[in-house]
Amino acid sequence: MLWQSNGLALYRRDSRLLAAIDLAQPVAGQFHSQYPSRLSLVVEADRVRVNENVFMLDEPLSAAFIELDTASLVTQTLVIDGRAYTVPPGTITLTAPISMNRETIIIGQTDRMSIQQLRVLNAPRMSVTFPEGLLAIAADCRFDGTQLSVTVHIGGSGALELEVRGASARDDKPILLLKGVPLTTTSNVSSITFSVDLFNPGEPWITHREPPEDGRYIVYVRAMGRFSTAVPIATFSIRNGAIRDARSVPLPLRALR
């Protein structure tokens, strides 16, 4: 740390880190981006090419290492330049040396692996340890009247929380329509569908509910944890006491943090 004051802090950048590249790929007509399970990578002294994109490096490079943040639904083999690395279900960071000035191919299982971020370093560093509760997840849902059904494909250990938040049509007051923990997983891939009645949630996993009222709502999932981020998977409105404009927001495979 270089400086700290009034709740703010300034840190020195890790001198080994030369590039950090988010691999999110926008999908036409979809809210969420998707992440690849396969990469083509060429690292040169002053640049790195990832598939068709070129990124310049701040400093010249003579030896290259990469870190990959991955999300996997199953225990699988990730192949990097012909070398096999075992990846468990959930979210991990994997470090590997790579050759410079030639193409390196990185291959994981389609639909069961997503590579979230690539970092290029001039020397390896200690493994990054994620906090407990990080999950690999893909999700989709559908509406049938007031019934919401959610299908999730999930890997890793942790608990999945569902929240439905909105704002009142009358005065824009925030509403936490319902909240609960429909799923806890401890190891390998789970594919499960759970349902909830948005107007009369009686499921045993519901931990909070409020009376429905006209307004706009978003359905979120999150990995339970202090710093976890809520991710939207559906939207709907309530008008004149009925569900309107219900829309699924499919979530491609990603880390849920």
Side-chain angles (χ1 to χ4, degrees), residues 13-130 134-140 153-156 189 229 231 250-257:
R13 192 192 75 174
D14 190 330
S15 60
R16 293 164 293 188
L17 178 63
L18 299 186
I21 302 167
D22 190 318
L23 299 173
Q25 302 169 340
V27 180
Q30 298 295 322
F31 177 82
H32 292 295
S33 298
Q34 66 181 13
Y35 293 90
S37 59
R38 177 188 175 103
L39 294 175
S40 169
L41 176 68
V42 179
V43 177
E44 301 177 11
D46 61 348
R47 70 191 68 196
V48 54
R49 177 174 64 82
V50 182
N51 296 333
E52 303 304 320
N53 301 305
V54 176
F55 303 88
M56 302 306 296
L57 300 177
D58 293 335
E59 301 174 12
L61 190 64
S62 58
F65 297 81
I66 59 171
E67 289 178 349
L68 300 174
D69 292 346
T70 67
S72 177
L73 294 178
V74 295
T75 299
Q76 62 176 283
T77 298
L78 182 67
V79 178
I80 303 175
D81 199 21
R83 295 188 296 272
Y85 297 81
T86 299
V87 176
T91 300
I92 69 163
T93 291
L94 188 148
T95 302
I98 62 167
S99 301
M100 295 184 58
N101 302 311
R102 68 177 183 85
E103 184 179 37
T104 294
I105 301 296
I106 301 170
I107 304 172
Q109 290 185 29
T110 303
D111 297 330
R112 293 196 165 194
M113 159 75 73
S114 70
I115 306 172
Q116 314 266 280
Q117 189 177 78
L118 163 72
R119 292 181 292 277
V120 179
L121 306 99
N122 57 21
R125 52 187 180 177
M126 293 181 63
S127 299
V128 178
T129 302
F130 289 124
L134 297 190
L135 301 170
I137 184 173
D140 202 355
H153 305 279
I154 195 165
V189 64
T229 300
V231 179
L251 181 65
L253 176 59
R254 57 170 290 171
L256 200 59
R257 300 176 177 174

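Heads up: numbering here begins at 1 and tracks the sequence.
Across every non-hydrogen atom of Ala96 and Ile80, the tightest pair is CB-CD1, 4.0 Å. Thr91 approaches Ala136 most closely through the heavy-atom pair OG1-N, 4.2 Å. Residues Ser114 and Arg254 share a closest heavy-atom pair of OG-CA, 3.8 Å. Taking each heavy atom of Ala71 and Leu253 in turn, the nearest pair found is O-CD2, 3.9 Å. Of all heavy-atom pairs between Ala19 and Leu57, the closest is CB-CD2, 3.8 Å. Contact between Val74 and Ser72 at its shortest, heavy atoms only, is O-OG, 2.5 Å.
Taking CG of Leu23 as the reference point, atom OG of Ser37 lies at 11.5 Å (rounded to 0.5 Å). With values rounded to the nearest 0.5 angstrom, Tyr85 atom OH is found 9.5 Å from Leu68 atom CG. Distance check, rounded to the nearest 0.5 Å: CZ of Arg119 to CG of Leu18 gives 13.0 Å. A distance of 8.0 Å separates OG1 in Thr95 from CZ in Arg125, rounded to the nearest 0.5 Å. The distance from the CD1 atom of Ile106 to the CD atom of Glu103 is 10.5 Å, given to the nearest 0.5 Å. Taken from CG in Leu121 to CD1 in Ile98, the straight-line distance is 10.0 Å, to the nearest 0.5 Å.
Counting only residues at least two apart or on different chains, the salt bridge (Lys or Arg N to Asp or Glu O under 4.0 Å) pairs with a member in residues 75-86 are Asp81-Arg102. Residue pairs meeting the side chain to side chain donor-acceptor pair (under 3.5 Å) criterion with at least one member in residues 27-36, sequence neighbours excluded, do not occur.
Between the side chain of Gln109 and the main chain of Gln76, no donor-acceptor pair closer than 3.5 Å is present.
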Side-chain donor/acceptor pairs under 3.5 Å, residues 44-55, sequence neighbours excluded:
residue: Arg49; atom: NH1; partner: Asn51; partner atom: O; Å: 2.7
residue: Asn51; atom: OD1; partner: Ser40; partner atom: N; Å: 2.9

Audit row: His153, Asp111, side-chain contact (heavy atoms from CB on, under 4.5 Å) steps and yes/no: CA-CA 10 Å; His153 305 279; Asp111 297 330; over 6 Å; no

